[in-house]
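First up is the structure itself, then whatever we jot down about it.
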4 protein chains.
Amino acid sequence: MSWNTFGRVFRFTTWGESHGPALGVVVDGCPPGIALSEADIQPFMDARKPGQSKYTTQRREADEVRILSGVFEGKTTGTPISLMIENTDQRSKDYSDVAKAYRPGHADYTYDAKYGFRDYRGGGRSSARETAARVAAGAIARKVIPEVGITAWVEQIGDVALDYARFDKGAIRSNPFFCPDPETVSRWEDLVDSARKSGSSLGALVTASAEGVPAGWGAPVYAKLDSELAAAMMTINATKGVEIGDGFAAVTNTGESNADPMRPGADGKVEFQANHAGGIAGGISTGQPVTCRVAFKPTSSILTPVDTITSEGEATQIQTKGRHDPCVGIRGVPVVEAMMALVLADQKLLHRAQCG
Amino acid sequence: MSWNTFGRVFRFTTWGESHGPALGVVVDGCPPGIALSEADIQPFMDARKPGQSKYTTQRREADEVRILSGVFEGKTTGTPISLMIENTDQRSKDYSDVAKAYRPGHADYTYDAKYGFRDYRGGGRSSARETAARVAAGAIARKVIPEVGITAWVEQIGDVALDYARFDKGAIRSNPFFCPDPETVSRWEDLVDSARKSGSSLGALVTASAEGVPAGWGAPVYAKLDSELAAAMMTINATKGVEIGDGFAAVTNTGESNADPMRPGADGKVEFQANHAGGIAGGISTGQPVTCRVAFKPTSSILTPVDTITSEGEATQIQTKGRHDPCVGIRGVPVVEAMMALVLADQKLLHRAQCG
Amino acid sequence: MSWNTFGRVFRFTTWGESHGPALGVVVDGCPPGIALSEADIQPFMDARKPGQSKYTTQRREADEVRILSGVFEGKTTGTPISLMIENTDQRSKDYSDVAKAYRPGHADYTYDAKYGFRDYRGGGRSSARETAARVAAGAIARKVIPEVGITAWVEQIGDVALDYARFDKGAIRSNPFFCPDPETVSRWEDLVDSARKSGSSLGALVTASAEGVPAGWGAPVYAKLDSELAAAMMTINATKGVEIGDGFAAVTNTGESNADPMRPGADGKVEFQANHAGGIAGGISTGQPVTCRVAFKPTSSILTPVDTITSEGEATQIQTKGRHDPCVGIRGVPVVEAMMALVLADQKLLHRAQCG
Amino acid sequence: MSWNTFGRVFRFTTWGESHGPALGVVVDGCPPGIALSEADIQPFMDARKPGQSKYTTQRREADEVRILSGVFEGKTTGTPISLMIENTDQRSKDYSDVAKAYRPGHADYTYDAKYGFRDYRGGGRSSARETAARVAAGAIARKVIPEVGITAWVEQIGDVALDYARFDKGAIRSNPFFCPDPETVSRWEDLVDSARKSGSSLGALVTASAEGVPAGWGAPVYAKLDSELAAAMMTINATKGVEIGDGFAAVTNTGESNADPMRPGADGKVEFQANHAGGIAGGISTGQPVTCRVAFKPTSSILTPVDTITSEGEATQIQTKGRHDPCVGIRGVPVVEAMMALVLADQKLLHRAQCG
């Protein structure tokens with residue numbers, strides 16, 4: 001089934017293909033009276049935008065957002081906000097090889113299996129270009145939760161992890177890898193450049209943290225904050241895993257080492273002495289930073305020919321010559337931030353609905 | 001927000017608390033004409049049931065399911081199927097300590113933060129007893145997807161992992177750990193027994209695989225099969241992470257080592273030469289086994305006193321004396337299977353809706 | 001498709017058949033901290049209960065509601081509230097005629113056409129017994145909107161309408177017809193008794209009004225308050241039409257005669273000089289009473305034999321001998337009230353979600 | 001709450017305001033492989049388009065639809081179809097009177113009450129221009145249900161009803177009133193022209209019929225086909241009532257006169273001897289034509305000054321000078337058809353989901 005809406009009361013619906021005339025998103029359920037203009041959205045688009053360094057795809061898109069509805073005299077009206085981004089660099093190259101044969105690891109085969117048919121130009125709807133629309137929606141979501149500060153960064157590329165002892169939040173936006181550890185940047189430059197030159201690709205680990213989420217957002221069972229975040233992150237192209245707090249490391253913790261003891265804080269608030277839980281207990285935020293990590297696989301677009309079949313079922317090989325990201329996880333950072341903002345905005349409104 | 005329904009067209013709604021008179025589930029959207037009786041459901045209940053070995057909680061529940069609607073003359077009618085399980089061993093112990101102070105890592109504090117109020121008896125709605133209802137629903141879901149075989153097992157407890165070289169699917173049900181490697185069983189016996197005796201707790205890793213899922217189930221963007229599975233798994237109590245296929249290991253793969261090459265199969269079908277993707281590409285099933293792994297934290301219910309605060313904000317300590325699972329992940333196995341069945345049944349019907 | 005949930009954030013899911021062991025409802029999304037016990041619900045059940053006069057079906061049901069979850073120490077916890085009502089008078093009569101032939105006007109034929117199969121005992125899921133569950137849920141909804149007073153009554157039975165000049169709200173509960181005009185009661189007694197004796201049936205018009213709804217509940221387009229009410233009313237068995245405000249009479253109004261002029265009210269509020277709109281403009285409440293009218297058809301259960309076919313497609317005739325309501329619209333009154341309460345509670349919470 | 005999506009599996013989301021740059025709709029869940037181009041949609045847009053006769057508003061809009069996604073090589077791909085219609089005649093007139101005072105009967109006051117703020121230009125989101133987007137979506141819905149033929153017409157304007165003895169389906173598109181009775185056209189010309197000249201307005205009754213709906217679409221309880229239709233119709237601007245089949249006339253029917261007897265048909269099908277039910281029994285289609293009637297109020301936009309208040313609460317009067325429809329129900333005909341198509345397409349897919 002095609003299902004292009006996410007969220008329960010703060011909902012967004014994206015549309016568009018890699019090589020169609022445009023793509024966009026309709027954001028529904030946004031509270032009224034919020035100051036909003038294209039200028040609020042564009043910086044987030046620019047952070048995700050391709051073609052900004054040699055470490056990302058060379059497709060060049062202005063990614064200019066246009067607000068088509070839902071804003072009047074500079075403020076949200078409470079009615080649906082339609083955002084459109086025109087595609088400008090959908091190169092009219094020859095797609096005959098992709099049309100005829102399935103690229104393993106891409107959605108080519110599965111779309112055909114499902115729909116009997118696919119828009120093969122640049123992956124059609126399965127292209128990560130769709131995430132531009134989410135980033136635009138995410139910029140609106142952030143305005144719904146001004147009390148929350150969301151930051152994501154790359155923690156690891158391939159087998160090279162940053163060193164948290166050198167963590168510098170201010171450095172994240174100052175390098176093409178969203179890396180908070182300046183000393184790791186040059187190692188990633190070499191790594192990614194090498195992959196780019198050889199036509200290979202690399203996986204990455206992206207970490208995100210939301211500070212300022214008050215205790216009480218989320219739900220007991222099927223809209224648990226962690227479940228919503230996991231669902232959101234796993235809709236991003238190339239993601240293969242999601243963790244909250246200690247995540248998989250919790251498997252080797254004991255009840256004692258995994259505890260987040262509490263004590264009275266200075267200002268009458270509760271103070272936690274650890275955050276193994278990643279800011280969520282029983283599906284509901286604790287008031288600590290909400291943290292998650294997302295695993296991105298290396299893109300399947302590589303120069304090395306890979307065995308595959310044609311749409312007629314014949315054996316063949318395919319290699320990817322076009323523009324692509326040697327490490328798709330890097331540009332995943334603004335998307336992870338956007339999805340976190342979108343989930344939290346929805347949960348804030350849901351909490352308000354039930355608990356006033 | 002309270003949100004106790006999961007699924008899009010094959011939907012289920014659970015209700016009930018740990019120490020209420022009963023708990024249950026309403027399964028809606030089930031196709032008509034499927035043979036169904038309590039006997040089809042009970043074996044799955046029994047697999048999850050507490051009190052069956054010294055390695056799980058000593059709470060003893062018959063966990064007998066009663067079908068209250070939606071079945072006539074032994075077949076589903078297409079109308080909602082209501083299942084009820086009476087609680088029989090909700091011991092009337094003294095809950096005054098839990099009522100007054102928050103158990104860190106449990107939902108005590110967050111429920112109070114959200115609702116200003118909580119049913120503190122056995123954790124109320126946050127208790128893993130809720131999963132009995134899902135297991136019951138999952139038994140129905142399995143009947144909706146007879147073409148699919150779902151199996152889950154424990155892969156690791158604490159830092160002791162099984163050895164896949166000795167994998168024996170037939171052994172899973174023959175030991176109290178759902179362990180497919182008989183030689184690992186005795187090591188886990190020692191490990192869990194030791195944790196039990198010392199009042200500590202252990203994390204676990206649960207792996208699940210669904211065979212027979214045809215290519216084409218899932219969706220391009222926001223109902224991606226992997227996203228739905230991640231959401232489903234992360235609603236299970238004590239889960240902190242979800243992976244599809246290679247999951248976090250994909251971070252250190254390259255595009256070459258992560259490839260799942262395809263070739264024509266013997267019977268006119270496609271044959272994959274690897275399954276790093278876990279049976280899902282672009283959010284849609286490939287026809288290979290759908291695999292996922294779920295991280296369970298060690299339960300926060302331990303004998304060691306932990307710093308916490310009272311509901312009045314005063315510093316105190318709390319320790320857990322009652323019955324509990326030293327390794328909650330073990331009994332997570334039937335729940336992981338149930339959630340997988342529930343997601344796949346929903347996706348099968350969604351696929352049929354759009355693609356006939 | 002079976003779809004047994006209604007509502008967007010205050011949601012309820014009903015289950016159960018006429019002749020199953022029980023029926024019930026799960027109410028999800030209810031705010032926490034609301035005082036609730038069976039005693040709050042029972043009076044509404046009693047108003048709808050069959051067998052209370054010779055003007056309704058002689059089936060005798062205690063219709064005792066049991067709260068199974070979601071309430072602790074007399075207050076809602078914010079988690080799902082499960083209510084169950086046991087069926088006690090599902091008479092084990094011979095259903096062979098209904099099993100074999102379709103009763104025209106009932107769901108017999110359409111259920112078979114849809115599901116290939118049906119629970120023919122008392123109409124199964126299509127029985128108006130399902131409305132008992134809604135009335136129970138409606139009692140909870142009323143507690144969510146204490147600012148609103150909802151009243152429904154019968155306005156017309158067959159071709160005998162009440163006279164609004166004699167409207168006495170206090171009289172509604174004092175006669176078996178929910179008639180606010182005492183002088184009309186005796187005419188309806190004769191009319192309904194005559195239909196009952198001859199095995200015929202009568203249609204009815206039910207009117208409902210909600211006072212105290214503040215301006216601002218509803219939505220601009222697809223969750224318009226009038227649309228939600230229309231959907232809700234048309235789910236009630238035997239309904240064939242819904243009107244808001246002047247309804248069909250608005251067709252012959254002009255813009256001038258249909259106007260609801262406004263002026264400043266005594267207390268700084270707005271004062272409307274008419275209410276043709278039924279308290280809704282642009283899908284959103286105006287602050288005036290929200291009014292609607294619902295048309296109930298005469299039940300198809302009549303003594304006169306009607307041409308029909310068997311499930312094998314052979315011509316036959318069928319007549320209804322069992323217990324039934326000669327005028328089903330009468331017992332529709334508490335159901336209409338319940339649905340109105342359920343819609344308004346949902347809209348109140350939705351409004352709070354978006355607009356704080 | 002803003003809620004701009006309708007449908008369960010075949011879903012559409014509209015956006016846009018009367019005087020914004022554009023409006024549009026995203027259709028999600030459409031089956032793949034359906035031939036679709038702008039040329040399939042445009043005729044329906046043209047039927048609804050304003051400015052085509054002196055009997056409708058003189059706003060002139062090309063209402064040209066552009067497909068922005070979801071179609072490849074002339075066929076639907078199964079991914080969301082985004083349609084956009086640019087506004088071209090949003091006249092930059094002076095809206096200061098509407099900005100300052102509330103037009104009774106419009107959404108001015110209620111939007112302010114809800115959102116504290118509104119786009120007053122041409123009614124913003126509350127304008128019937130939104131229905132252009134639905135008509136576009138409806139054209140796609142029709143392609144999903146090629147087995148169904150949907151026709152709507154005006155049955156009555158003010159107090160002048162057509163004569164069904166002269167019903168000529170072929171005449172509907174040949175006059176500006178969608179009138180199937182040619183002899184009534186001239187009477188309506190006089191009536192509407194007179195209202196137009198005097199700045200008054202008229203109500204209308206629109207009837208719709210869907211032929212070819214097979215038995216079995218719909219649901220037992222909360223997605224009853226009649227409930228879905230009622231919800232859909234009541235979202236259309238200016239509607240105040242909905243009937244299925246005999247509707248309110250059923251109130252004065254008896255069980256005997258309201259019966260739809262069945263008998264074996266010529267071709268092994270069932271043959272109904274009447275259709276009081278409007279093609280729906282128990283919420284599910286019977287196989288007969290599905291019929292409904294919709295009441296449109298006279299627009300509140302009239303030349304006669306009406307008492308109202310300013311946004312500061314002061315008494316004032318307002319009159320409508322701009323372009324408007326003297327009888328909005330007329331242009332409601334293509335919208336009613338579209339909504340019927342949209343509901344039926346959704347129900348077809350839902351039925352397929354559950355019943356294969």
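Nothing here was measured: the structure is a model prediction, and the numbers come from that model. Just so we're on the same page: letters track the sequence lines, and every chain starts at 1.
There is a side-chain donor-acceptor pair under 3.5 Å between D/Ser200 and C/Glu256.
Contact of the D/Phe296 side chain with the C/Val251 side chain is not registered, since no non-hydrogen atoms from C-beta on lie closer than 4.5 Å. Residues D/Glu130 and C/Val221 meet the side-chain proximity criterion, which asks for heavy atoms closer than 4.5 Å.
For residues 220-244 of chain C, the pairs satisfying ring-ring contact (aromatic ring centres under 6.0 Å, His included) are C/Tyr222-D/Phe6, C/Tyr222-D/Phe12, with sequence neighbours left out.
For chain D, the nearby parts of C/Lys297 are the backbone and the side chain; heavy atoms of each come within less than 4.5 Å. Contacts between C/Ser285 and chain D at a heavy-atom distance below 4.5 Å involve the backbone alone (N, CA, C, O). Contacts between C/Thr308 and chain D at a heavy-atom distance below 4.5 Å involve backbone atoms as well as side-chain atoms. Looking at C/Ala215, both its backbone and its side chain come within 4.5 Å of chain D, counting heavy atoms on both sides. C/Ile309 touches chain D through backbone and side chain together, each having a heavy atom under 4.5 Å away. Looking at C/Leu303, neither its backbone nor its side chain comes within 4.5 Å of chain D, counting heavy atoms on both sides. When heavy atoms are compared at a cutoff of 4.5 Å, C/Asn258 approaches chain D solely by way of its side chain, counted from C-beta outward. Neither the backbone nor the side chain of C/Ile318 has a heavy atom closer than 4.5 Å to any heavy atom of chain D.
Counting heavy-atom pairs closer than 4.5 Å to chain C, the top residue among D/Ala231, D/Ala107, D/Gly116 is D/Ala231.
The shortest non-hydrogen separation linking D/Met234 to C/Ala230 is CG-CB, 3.5 Å.
Using a distance-only test at 3.5 Å, with no hydrogens or angles considered, a donor-acceptor pair links the side chain of C/Lys114 to the main chain of D/Gly218. Under the 3.5 Å distance criterion, the side-chain polar atoms of D/Thr252 are left unmatched by any main-chain donor or acceptor of C/Gly158.
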